[in-house]
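Take a look at the structure below.
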Amino acid sequence: MDDKFLKPYDPAATEASIYKKWEDSGYFNPDNLPHADKGPFSIVLPPPNVTGTLHMGHAAMLAVEDIIVRHKRMQGYKTLWIPGTDSAAIATQSKVEKEIQKNEKKSRHDLGREELLTRIDAFTEESKTTIINQLRRMGSSLDWSRYAYTMDEVRYSAVMEAFVRMYDAGLIYRGNRIVNWDPKGQTTISDDEIVHEERKASLVTFTYSKDFPIAISTTRLETKVGDTAVAVHPDDVRYKEFVGKTYDVVFAGVPLHIKIVADQSVDPAFGTGALGVTPAHSQTDWDIAERHNLERPQVINEYAKMTVEGELNGKKVLEAREYVLEWLKKEGLLQKEEEITQNVSTAERTGGIIEPLPKLQWFVAVNKPIAERGGKTLKELMRDSVQSGGVTITPERFEKIYFHWIDNLRDWCISRQIWFGHRIPVWYKDGETKVSATSPGEGWEQDQDTLDTWFSSGLWTFSTLGWPEKTDDLKTYHPTALLETGYDILFFWVARMILMSQFLLGEVPFKNVYLHGLVRDSKGRKMSKSLGNIIDPLDMVEKYGADAVRLSLIMGAAPGNDLKLDENRIRGYKNFANKVWNITRFVLESTDTAGEGTVLPEDAVIVEEMRKMSVEVTKHIDDYRLDLAADAAYQCIWYRFADVILEESKPFIKGTDAARAASRATVLRQSLDIILATLHPFMPYVTEEIWGSLPNNKDLLMVESWPVAN
RNA sequence: GCGCGGUUAGCUCAGUUGGUAGAGCAUCCCCUUGACGUGGGGAGGGUCGUAGGUUCAAGUCCUACACCGCGCACCA
């Protein structure tokens, strides 16, 4: 027996060298697996931000994925887990911009596009090793030979190709429409990047002028200088006589031409039952204006400042709101002011208040029939993928949420006014437009905008496999078997991957989706810098070992449920690793003293019991109940094998019946093999370390056969 | 407003097709110095959110309601 078993298990002294052994073996790459005879099993790692650092959410994701991957690998599947990092366009650019502003007091406009991009590339290149090494620390058995970055050459050209194909199919178009403008981030954002925040607001009821017959209500007084109509419900008897009439007023110094229109979308029960229509600054109003052929003057610009004649010009929206209110009071037009709570749309990234503006942007059409896909729309393709069972979502309840999202989906705005990202492959020259991955020639100017980062992420399951080339990897590993990610990016990412894969490849991107919950602190609060309640996974790994951290993120975490993490629990699982260590010591001492021999039937039941435990663990893993799987193993190993079976074995081992002693020692040793193999996906480091010290074990545990057949 | 999830022991959570409530941690008591004190044995502790219903039998199925959390929504 190796002397190291006389001391407690020391993760810090073992983990680095074990990971190196795994990497050197080449077994992370499925091409090198010694016995992979069960067909392919592939997963892509949801790529973390290149410039980010590992947090508990990442650690939980890595634990879940690595457990499944290691389990499949041991079962004999040709198992591939592809690592990668994400450029995270907006997040990364603003991070670098902030740095430069702080250190050099320069804005991106001072630097210019090219210089900023050079700086960003240098920054991402430098910081990517951090996150990559952190992924390793968790024990992740990722195939680094297939590492991908969303902005590397292969992935960049995949994005260009995807854009061109979608454009050619009529699914990408440029249109002047109301978009979500983030004045803080100075870019458009998609509907999904909006967070609704409940805030108090003042609902003001007034008339445009003394002789205007209908009062309207609004929380955004400043936009009223952009009104071109008042809409009422067609059946509303109060206003019937006014429909079709027009009025000229001067409102807060701005001349307006207001038409009274009847529109089904108006709720007669709300407010006065009449709606002031501001086409350029509200989606609803834009639609009404379209139906009634109204003018759509823009009165607010990209900096959330007024652009009208007179006093108001140049004022910020909030100042303008005050100004108009004072004007109403002075003119005696104000009827009522009441406080209400309303949902304000803010940008997820910057927190800026969204300003709906009409802009010329690029969109993906989700309701357009696609000839080469049987006349189905993208929306239908996304819906069918899940409805048909081609993609299953765990836990199932998220399927409903997914359908609901699809049913409310509108065209996806994909152009962003930032510089870092995949540049839109559209070229302009003398009023002509060409769509092509590379420049059509002299004098053609490329579109200034870049693509929504989720556009490129949507290609991830196949761009990582070499698409658009027809590679062997693509043929072997796509569709991938599983996508594991947080429920918070179901729409952003999961849905977009289904969209892209269905259109570009005509197949689903993955067969199963497993959604994990969020990791919270022990009181159930979100971990955040401002609360100071962040538990750093790497600190925990240092203190208790990666195995303990992994277990703490699995146990008690049912799919889709948030997990409350407590440092005490991590400590508890470090104890478990040590327990396994000491079980090994006892078993090795037993074989040392009693020797190995023929197994008697009365002892064989012990091995059978351990095998049963392994069967149970297998079943739970197959159901994606890793929490129950880990718990079953924990219970059986500690409270059954260690507490009962080992205790009962002591008299036999030290007894005078040599045959019985040898039989018992042999059985313990066989049981240990099953225990280590079954535990390996969950606690890869300690099990591999022990395995390497056992006599008769040749190859690495990570490629040992799973104890029970499947 | 529509929808989803949660509500089981002090805390964190299990509870498979309905058959008299479980685990870990915490608490208390005891034991143990040749696998491990990061140990072992034991105890206390719950009218399973509320009110109804179905059933021989409900934590489990049905209907309301309450509270907490979340998602979606063009209520100005």
Taken to the nearest whole Å, CG/A:Asp3 to P/B:rA35 is 17 Å
Hey, are A:Thr593 and A:Lys654 close enough side-chain-wise for a donor-acceptor pair under 3.5 Å? no
Counting heavy atoms from C-beta on, name the nucleotide in B:rA76, B:rC72, B:rA35 closest to the side chain of A:Thr219. B:rA76
Looking at B:rA73, B:rA23, B:rC36, which one has an atom nearest to any side-chain atom of A:Gln635? B:rA23
Here the distance between atom C1' of B:rC74 and atom CG of A:Leu275, to the nearest Å, is 10 Å
Pairwise P distance, B:rC70 and B:rG24 [rounded to whole Å]: 32 Å
Tell me whether the side-chain N/O atoms of A:Trp638 come closer than 4.0 Å to OP1 or OP2 in B:rG40. yes
Distance between P atoms of B:rG3 and B:rG15 (Å, rounded): 26 Å
Return the nucleotide paired to B:rA35: Watson-Crick means purine N1 to pyrimidine N3 with N6-O4 or O6-N4, wobble means G-U with N1-O2 and O6-N3, both under 3.5 Å. none
A:Asn343, nearest nucleotide to its side chain (from B:rG71, B:rA73, B:rU12): B:rA73
RNA chain B nearest-nucleotide lookup for A:Arg625 and A:Ser282: closer to the 5′ end is A:Arg625
Please lay out, stage by stage, how A:Trp581 and A:Phe5 fare under the test ring pair (Phe, Tyr, Trp, His ring centres under 6.0 Å). CA-CA 7 Å; A:Trp581 188 254; A:Phe5 289 109; 4.5 Å; yes
Reckon A:Leu646 touches a base, only the sugar-phosphate, or nothing at all at heavy-atom distances under 4.0 Å? base
Given the C1' atoms of B:rG44 and B:rG39, what is the spacing between them in whole Å? 23 Å
Out of B:rC72, B:rG39, B:rA76, which nucleotide sits closest to the side chain of A:Asn408? B:rC72
Ring centres under 6.0 Å, that's the criterion: do A:Tyr208 and A:Tyr247 meet it? no
Pick the nucleotide of RNA chain B nearest each of A:Arg397 and A:Asp643; which residue has the one closer to the 5' end? A:Arg397
Which nucleotide wins on minimum distance to the side chain of A:His196, given the candidates B:rU38, B:rG40, B:rA73? B:rA73
From B:rC72, B:rC25, B:rA35, nucleotide with atom closest to A:Tyr639 side chain: B:rC25
Watson-Crick or G-U counterpart of B:rA57, or none if no pair lies under 3.5 Å: none
Please report, rounded to the nearest Å, how far the C1' atom of B:rA35 is from the CG atom of A:Leu694. 15 Å
Watson-Crick or G-U wobble partner for B:rC48, using a 3.5 Å limit on both distances? none
Reckon A:Lys579 has a side-chain N or O less than 4.0 Å from the OP1 or OP2 of B:rG39? no
Pairwise P distance for B:rU16 and B:rC72, with rounding to whole Å: 31 Å
Is the closest side-chain donor-acceptor distance between A:Asp562 and A:Tyr487 under 3.5 Å? yes
Between B:rC62 and B:rU7, how many Å separate the two P atoms, rounded to a whole number? 15 Å
At under 4.0 Å between heavy atoms, what does A:Ala642 touch on the DNA or RNA strands: base, sugar-phosphate, or nothing? base
Can you measure A:Arg520 atom CZ to B:rG69 atom C1' for me and round it to whole angstrom units? 8 Å
Parallel, tilted or perpendicular: ring planes of A:Phe251 versus A:Trp327, cut at 30 and 60 degrees: perpendicular
Atom-to-atom span, CG of A:Asp627 to P of B:rG15 - whole angstrom: 8 Å
Nearest-Å distance once atom P is located in both B:rG19 and B:rC61: 11 Å
side-chain N/O A:Lys564 vs B:rC11 OP1/OP2, d < 4.0 Å: no
Has A:Gln342 got a side-chain N or O lying under 4.0 Å from the OP1 or OP2 atom of B:rC75? no
From B:rA35, B:rU38, B:rC74, nucleotide with atom closest to A:Thr284 side chain: B:rC74
Answer yes or no: side-chain N or O of A:Lys400 and base N or O of B:rC4 forming a donor-acceptor pair under 3.5 Å. no
Find out whether A:Leu626 and A:Val64 are in side-chain contact, i.e. whether some heavy atom of one side chain is under 4.5 Å from a heavy atom of the other. yes
Tell me: CG of A:Asn582 to C1' of B:rG40, nearest whole Å? 14 Å
Any A:Asn561 side-chain N or O less than 4.0 Å from OP1/OP2 of B:rA14: yes
Tell me whether the NZ or CZ atom of A:Arg177 lies within the 45° cone about the ring axis of A:Phe363 and under 6.0 Å from its centre. yes
Side-chain heavy-atom pair A:Arg496, A:Trp493 within 4.5 angstrom cut-off: no
If you check every side-chain atom of A:Ile401, which of B:rA35, B:rC4, B:rA76 has the closest atom? B:rC4
Watson-Crick or G-U wobble partner for B:rA73, using a 3.5 Å limit on both distances? none
Using a cut-off of 4.0 Å on non-hydrogen atoms, how would the nucleic acid contact of A:Gln283 be classed: base, sugar-phosphate, or nothing? nothing
Counting only side-chain heavy atoms from C-beta out, which of B:rG15, B:rU38, B:rC75 sits nearest to A:Phe270? B:rC75
Interatomic distance where CG belongs to A:Leu628 and C1' belongs to B:rU16 [whole Å]: 10 Å
If I pick the P atom on B:rA51 and the same atom on B:rA14, what distance separates them, to the nearest angstrom? 24 Å
Pairing partner of B:rG22 (Watson-Crick or G-U wobble, both distances under 3.5 Å): B:rC13
Using atom P in both nucleotides, what's the gap between B:rU8 and B:rU47 to the nearest angstrom? 12 Å
Would you kindly check if the NZ (Lys) or CZ (Arg) of A:Arg660 is within the cone defined by 45 degrees around the ring axis of A:Phe652 and under 6.0 Å from the six-membered ring centre? yes
Can you check the A:Phe5 CZ to B:rC36 P distance for me, whole Å? 14 Å
By the Watson-Crick or G-U definition, both distances under 3.5 Å, B:rC67 is matched with B:rG6
